[in-house]
Asks: 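Would you mind keeping the following structure in view while I ask a few things?
Naming convention: chains lettered A, B, ... in sequence-line order (proteins, then strands); numbering from 1 in each chain.
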Amino acid sequence: MHEAIEHAQAAGDLPLFEIPEVRVQPPNNPGFADYATPVAMQLGRLARKPPAEIAAIIVRHLPDAPFAGAAEVAGPGFINFRLSDDWLKQQVETIIAEGDDLCALQIGAGKRAQVEFVSANPTGPLHIGRTRGAVIGDSIARVLEAVGYRVEREYYFNNAGRQMEMLGRSLRARYLQALGQDAPLPEEGYAGEYLAEVAARLVAEVGDAWREADWPPFKEFAEKVIFEWIRASLLRLGVRHDVFFNENSLYEDGSVWRTLEALRQRGYIYDAPVWEGASEAERAQAAASGAANAAWFRSTALGDEKDRVLVKASGEPTYTLPDIAYHVNKMERGFDLLVNVLGADHGTQYKVVQRGLQALGYDPSRLHVIIHQMVRIYRGGALIKGSTRAGDVIPVDAVIDEVGADSVRYFLLARSANTDVEFDLDLAVAQNNENPVYYIQNAHVRCAGIFRMAEQRGFSDAGADLSLLGEPETTFLRQALRLGETLIYALEEMAPHQIAFFALETARLFHPMYDNVRVFHSEVPEDVARARLRFYRAAKVVFKRLLTLMGMSAPDVM
RNA sequence: GUGCCUGUAGCUCAGCGGAUAGAGCGCUUGCCUACGGAGCAAGAUGUCGGGGGUUCGAAUCCCUCCAGGCACGCCA
């Protein structure tokens, strides 16, 4: 397009002006065209001609391309394109040749990306909200891989601090209870049943030898077992992290304090009992309680509502300081692209980290954050709510047991990260046609079925003449080849749910066609059957690719 | 109260400043002796939360109001 406009300008058909970005995209209504561009209307003012006339000029200057059929002007000035049918039919061979790398792109070739996701502290089993982050993170990682990046999946965790101490103390109580002792759970301890499970395992391993032990060994044992659980749950969903990054290492290598020092040198740190913008009442209260100095981050200088404490009066850093140090660490590791998947409940916290990076002279836009909204679980129409601490959360393992890993992945993926997910267990448990997972997977199963039949009959697709394919097949191919632009869009918008919608649309085109385009039928001549079989080999590749991109299985039978 | 997210068909949700706003489920009416019926065909269904504005053009961008969610700790 760009070329055509330049060419038209060079030929004097259009006046000189700076050419804006040209969008070519499928129209809402596929009846109009395969691809269309409203560029002539955009140019109306710049070129001082009616859009329809501009469109006609551009069309005259369009370069030839093997895949394009005729371009035409329509409506108020749209330029419409059709893909050529011959070219589409030949794409069957391309699709088969590309196989599992179908529509792989080179956008990220030679570049490294890191995706940080899940990052749950090992205080309890993986629950559904974190699982949403797991699915989004792993799916965007798969998109990045598809467009050429080398991707590292990272999990950041903290196994020190007050929460982990509470975990150790809680397990200690459960352990003593398992030994028949009357030990109350600590206040604000972890009350979930799962710790009783951990305690039972501990008793099985050490008997009553730890009866007099303090909380630290209990913490370590709980951490070990819970991490095993979390990793196992993730693995069931096809999620595997390359790096588990321990917050503690940032203390060990001194980078936590170095980060504070760096901020201080840049004038972003001050020591005070209350922040500079505190109200009279807050000051009076602090003075009355004799509060000592804390180290404050002057984040208000970067647009924050209030300054944030980085080091408490006790001398301990808050969670925020190591978090900034961690992101500095990531910035320094030389990735070309950093992605961070967070739940909405961490959205505010993240902004402080972003300002920390900014204060240290980093460009915070190098770090792309996907913030996803909450998952609400319903059973029997009733909302199930709770916290890890209270222990009434459903571990995702139970959900996987009920509906299967593929369904969990699909349901958590097939929504924009910006919207809440209503996960209705009753609905998801019902394995009927309300579940789009089966609709998509069935497309793959049906392709596999054709090849089972072909094998039985000793029929091969070798030497197929693809020109015998018909209009339903080219319609399907037209859709399938949009995978490439779907990947680009998912990448640009950091919106992996696009893949889920694309897969459903593709299956939606497949099933009606399958009914009409039979391979083994008395009225289908052998050479047509051969071409169609070849076509279904490509279709099978398409669905395998789509399901794999979503981290789902591509079964041959269900 | 402040910040972020959301409001689109009966329900769950897509929708990238462009043409007649879409899909799944549900609903209505049909179809099936064929590679897996977890199927197929046809149909009905909309004040895009309300109101202003910008634009040749707004569900999309801006302002405002209403409604819901999340976050606002010297917790992590």
Side-chain angles (χ1 to χ4, degrees), chain A residues 23 25 27-29 31-33 36-38 41-42 44-45 51 74-78 80 120-121 123 158 161-164 188 247 273-275 286 291-296 304-306 308-320 322-323 343-351 371-374 376 411 414-422 424 427 431-439 441-442 445-454 456-457 485 489 492-493 495 497-498 500-502 504-505 508 511-512 514-516 518-524 529 532-533 536 557-558:
Chain A
R23 289 190 315 279
Q25 53 194 241
N28 289 334
N29 185 335
F32 290 128
T37 177
M41 287 176 293
Q42 277 176 277
R45 188 180 300 160
F78 288 98
N80 290 340
N121 288 338
T123 58
N158 168 339
R162 207 178 73 102
Q163 296 303 327
M164 292 302 288
E188 295 184 52
E247 178 189 315
V274 288
W275 73 291
N293 280 354
W296 294 85
D304 205 350
E305 301 167 348
K306 58 174 292 189
R308 311 282 169 172
V309 171
L310 293 188
V311 183
K312 303 180 218 172
S314 67
E316 281 178 285
T318 61
Y319 162 87
T320 307
D323 211 10
D345 50 347
H346 290 74
T348 308
Q349 169 62 27
Y350 159 69
K351 284 191 177 165
I371 291 179
H372 66 80
Q373 301 300 309
M374 303 282 97
R376 275 170 241 291
F411 280 120
R415 257 160 202 87
S416 154
N418 288 332
T419 81
D420 292 350
V421 169
E422 284 190 31
D424 188 328
L427 195 74
Q431 299 206 0
N432 57 24
N433 59 1
E434 287 179 36
N435 195 337
V437 172
Y438 295 103
Y439 194 78
Q441 287 182 322
N442 192 36
V445 168
R446 285 179 138 183
C447 291
I450 296 173
F451 284 96
R452 274 195 299 278
M453 177 64 77
Q456 270 176 31
R457 300 194 178 199
E485 67 209 51
Y489 185 50
E492 283 174 350
E493 300 293 316
H497 73 277
Q498 292 296 335
F501 279 90
F502 179 79
L504 189 58
E505 274 173 33
R508 188 72 197 153
H511 288 294
Y514 169 91
D515 249 33
N516 297 320
R518 294 276 159 175
V519 177
F520 300 111
H521 185 271
S522 54
E523 286 170 25
V524 177
R532 289 181 176 179
L533 188 60
Y536 280 112
V557 292
M558 287 198 285

Asks: Measuring only the P atom in each nucleotide, how far is B:U54 from B:A41? A whole number of Å is fine.
Replies: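 Here B:U54 and B:A41 have their P atoms 46 Å from each other.
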
Asks: For RNA chain B, what is the dot-bracket line, given that a base pair needs Watson-Crick (N1 to N3, plus N6-O4 or O6-N4) or G-U wobble (N1-O2 and O6-N3) geometry with both distances under 3.5 Å, and | means paired with another strand?
Replies: (((((((..((((....[...)))).(((((.......))))).....(((((..]....))))))))))))....

Asks: Using a cut-off of under 3.5 Å, enumerate the N/O to N/O pairs linking the protein to nucleotides 40-42 of chain B.
Replies:
unit_1: B:C40; atom_1: OP1; unit_2: A:Y439; atom_2: OH; d: 3.0
unit_1: B:C40; atom_1: O4'; unit_2: A:D515; atom_2: OD2; d: 3.2

Asks: Categorize A:N293 for me: base, sugar-phosphate, or nothing, with a 4.0 angstrom heavy-atom threshold over every strand shown.
Replies: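 Nothing: the residue A:N293, judged by heavy atoms under 4.0 Å, touches no strand.
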
Asks: Hey, does A:R452 reach any base, or is it just sugar-phosphate, or nothing, if we go heavy atoms under 4.0 Å?
Replies: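 Base contact.
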
Asks: Starting the side chain at C-beta, find the nucleotide from B:C13, B:C35, B:G69 nearest to A:E422.
Replies: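 Closest of the options to the side chain of A:E422: B:C13.
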
Asks: Of the nucleotides B:G18, B:C74, B:A14, which one has an atom closest to the side chain of A:F501?
Replies: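 Nearest nucleotide to the side chain: B:A14.
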
Asks: The side chain of A:K306 is closest to which nucleotide in this list: B:G73, B:G37, B:U2?
Replies: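 Between B:G73, B:G37, B:U2, the one nearest the side chain of A:K306 would be B:G73.
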
Asks: Could you work out which one of B:A14, B:C74, B:C35 sits closest to the side chain of A:Y514?
Replies: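 Nearest to the side chain of A:Y514 among the choices is B:C35.
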
Asks: Select one nucleotide: of B:A14, B:C4, B:U2, the one nearest the side-chain heavy atoms of A:K351.
Replies: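 Closest of the options to the side chain of A:K351: B:C4.
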
Asks: Report the nucleotide, chosen from B:G69, B:G18, B:A38, that has the shortest atom-to-atom distance to any side-chain atom of A:Y438.
Replies: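 Given the options B:G69, B:G18, B:A38, the side chain of A:Y438 is closest to B:A38.
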
Asks: Using a heavy-atom cut-off of under 4.0 Å over every strand shown, decide if A:E493 touches base, sugar-phosphate, or nothing.
Replies: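 If one applies the 4.0 Å heavy-atom cut-off, A:E493 turns out to touch nothing in the nucleic acid.
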
Asks: Among B:C70, B:G3, B:U6, find the nucleotide with the atom closest to the side chain of A:R376.
Replies: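 Nearest listed nucleotide: B:C70.
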
Asks: Side chain of A:T348 only, heavy atoms from C-beta on: which candidate in B:G3, B:U12, B:C74 is closest?
Replies: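 Per side-chain heavy atoms of A:T348, the pick is B:G3.
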
Asks: Distance check, C1' atoms only: B:A19 and B:A59, in whole angstrom units.
Replies: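 Rounded to whole Å, the distance is 15 Å.
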
Asks: Any base atoms under 4.0 Å from A:A292, or only sugar-phosphate, or nothing? Heavy atoms, all strands.
Replies: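 Counting heavy atoms under 4.0 Å across all strands, the contact made by A:A292 includes a base.
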
Asks: For A:R446, which residues count as a salt bridge (charged side-chain N to carboxylate O under 4.0 Å, His left out) partner, sequence neighbours excluded?
Replies: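 So A:R446 forms no salt bridge (charged side-chain N to carboxylate O under 4.0 Å, His left out) with any residue.
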
Asks: Kindly point out which of B:G69, B:A76, B:C35 is positioned nearest to the side chain of A:Q373?
Replies: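 The closest nucleotide is B:G69.
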
